[in-house]
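To start, the structure under review is shown below, and the notes come after it.
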Amino acid sequence: MLTHFHPKFSIITVTYNAAAVIEDTLQSVITQTYKNIEYIIVDGASTDRTMEIIGRYRKHIHTVVSEPDRGLYDAMNKGIRLATGDYVCFLNAGDELHEDDTLQLIVHSLTGLAGLPDVIYGRTAIVDEEGHFLRMRRLEPPENLTWHSFRQGMLVCHQAFFARRDHAVPYDLRYRFSADFDWCIRVMKQSAVLHNTRLTLIDYLNEGMTTRNHRASLTERFRIMCRHYGYVQTALLHLKFALRLLYKK
């Protein structure tokens with residue numbers, strides 16, 4: 001007899017002066033055909049029209065907080081503390097769930113499993129500000145994801161990485177740009193079952209904080225990799241990446 005699950009998804013959107021992009025994100029959540037959703041907005045005391053737009057959809061949102069914070073990852077930690085679902089998913093302002101039935105398809109992909117997996121993951125499409133498809137994300141999720149996989153980079157986009165709430169450790173605020181990379185590794189370290197949906201889960205807006213601060217982000221990622229995989233192995237991997245780039249040129 002097949003097992004059918006009905007998990008609750010806590011979808012967390014962190015915002016700050018996101019009036020230009022927040023509405024598409026809101027609509028992508030509230031139009032989901034799967035309804036066992038807890039939608040949480042954590043706003044950093046926006047001074048533009050962000051809260052006005054959120055207010056139009058207030059009846060569809062479980063929790064809204066708007067107050068100063070210490071940055072993106074501090075706000076995400078607030079979201080974790082507010083969540084009550086089986087899974088937490090961080091959908092940044094400007095990003096969207098890929099289709100209206102994305103969560104329903106995720107749940108269908110769980111049919112037949114012995115229990116709810118610790119991590120659910122999938123693919124990511126890159127879109128422009130109009131929501132038009134540009135390309136699939138360059139780094140593709142491996143068939144069988146483990147915490148060792150991220151030695152090759154962040155193979156799964158943070159937004160396409162759904163973690164069991166009881167595995168959702170706090171973000172390390174020592175990292176300003178790449179705490180999500182560290183967070184995913186730490187979640188995976190304590191996870192036994194990681195489920196590949198083989199679905200495109202997220203439409204990711206082509207510009208983000210990490211993109212705008214690319215060099216600082218890479219420096220942080222090197223430190224994070226050293227922390228989890230060791231300095232020597234990390235240095236050798238980066239040497240290999242550099243030689244590969246030189247060879248391609």
Side-chain angles (χ1 to χ4, degrees), residues 9-26 28-29 38-51 53-54 61-83 85 87-97 119 121 124 126-127 129 137 139 150 153-154 156-163 165 167-188 201-225 227-228:
F9 294 98
S10 293
I11 301 178
I12 302 164
T13 295
V14 170
T15 63
Y16 180 69
N17 290 348
V21 295
I22 186 60
E23 193 155 20
D24 287 342
T25 302
L26 294 168
S28 85
V29 175
E38 171 185 65
Y39 195 21
I40 299 168
I41 306 287
V42 183
D43 180 75
S46 290
T47 57
D48 66 355
R49 295 177 54 249
T50 298
M51 290 306 298
I53 296 168
I54 289 170
I61 305 169
H62 184 270
T63 304
V64 176
V65 175
S66 183
E67 61 188 17
D69 54 50
R70 291 183 289 163
L72 174 65
Y73 298 115
D74 180 44
M76 288 181 171
N77 282 340
K78 289 182 186 180
I80 291 174
R81 291 193 294 269
L82 291 167
Y87 291 95
V88 294
C89 164
F90 291 93
L91 193 65
N92 290 345
D95 301 330
E96 302 174 43
L97 292 163
V119 170
Y121 67 98
T124 300
I126 308 298
V127 300
E129 291 181 355
R137 188 170 181 263
L139 295 177
F150 274 30
M154 197 166 186
V156 178
C157 181
H158 182 223
Q159 287 84 336
F161 184 99
F162 292 44
R165 182 171 56 87
H167 286 23
V169 296
Y171 289 84
D172 190 333
L173 300 186
R174 289 178 296 177
Y175 304 117
R176 290 187 59 207
F177 306 112
S178 295
D180 51 351
F181 183 65
D182 170 71
W183 183 81
C184 288
I185 294 172
R186 289 190 291 129
V187 168
M188 289 189 287
L201 304 183
I202 300 296
D203 290 345
Y204 179 82
L205 189 61
N206 196 35
E207 179 67 25
M209 185 178 74
T210 301
T211 305
R212 294 193 302 269
N213 299 279
H214 187 62
R215 181 172 293 183
S217 174
L218 289 178
T219 300
E220 279 195 355
R221 288 195 183 194
F222 183 84
R223 288 167 49 206
I224 291 165
M225 291 178 72
R227 175 183 173 187
H228 291 290

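Contacts of L173 classified as side-chain contact (heavy atoms from CB on, under 4.5 Å), with partners at least two apart in sequence or in another chain: R70, Y73, D74, N77. The side chain to side chain donor-acceptor pair (under 3.5 Å) search around Y16 returns none, not counting sequence neighbours. For E220, there are no salt bridge (Lys or Arg N to Asp or Glu O under 4.0 Å) partners, not counting sequence neighbours. Here N17 pairs with S46, T47, D48 under the side-chain contact (heavy atoms from CB on, under 4.5 Å) rule; sequence neighbours left out. Not counting sequence neighbours, D43 has no partner by the salt bridge (Lys or Arg N to Asp or Glu O under 4.0 Å) test. Judged as a salt bridge (Lys or Arg N to Asp or Glu O under 4.0 Å), and not counting sequence neighbours, R137 has no contacts. For S10, the side-chain contact (heavy atoms from CB on, under 4.5 Å) partners at least two apart in sequence or on another chain are E38, A83, V88. Residues forming a ring-ring contact (aromatic ring centres under 6.0 Å, His included) with F150 (at least two apart in sequence, or on another chain): F181. In terms of the salt bridge (Lys or Arg N to Asp or Glu O under 4.0 Å) criterion, R223 has no residue partners (sequence neighbours excluded). For F162, the ring-ring contact (aromatic ring centres under 6.0 Å, His included) criterion is met by F9, not counting sequence neighbours. Among residues two or more places apart in sequence or in another chain, the side chain to side chain donor-acceptor pair (under 3.5 Å) test is passed with R227 by D172, Y175, D182. Take T63 and apply the side-chain contact (heavy atoms from CB on, under 4.5 Å) test, not counting sequence neighbours, and it matches I40, V65, L82.
Side-chain contact between I61 and L26 is present, with heavy atoms from C-beta onward closer than 4.5 Å. Annotation: side chain of L97 is in contact with side chain of I11 (closest heavy-atom distance under 4.5 Å). Side-chain atoms of Q159 and N92, non-hydrogen and from C-beta on, do get closer than 4.5 Å to each other.
In this structure, R186 contributes its side chain and P170 its backbone to a donor-acceptor pair below 3.5 Å.
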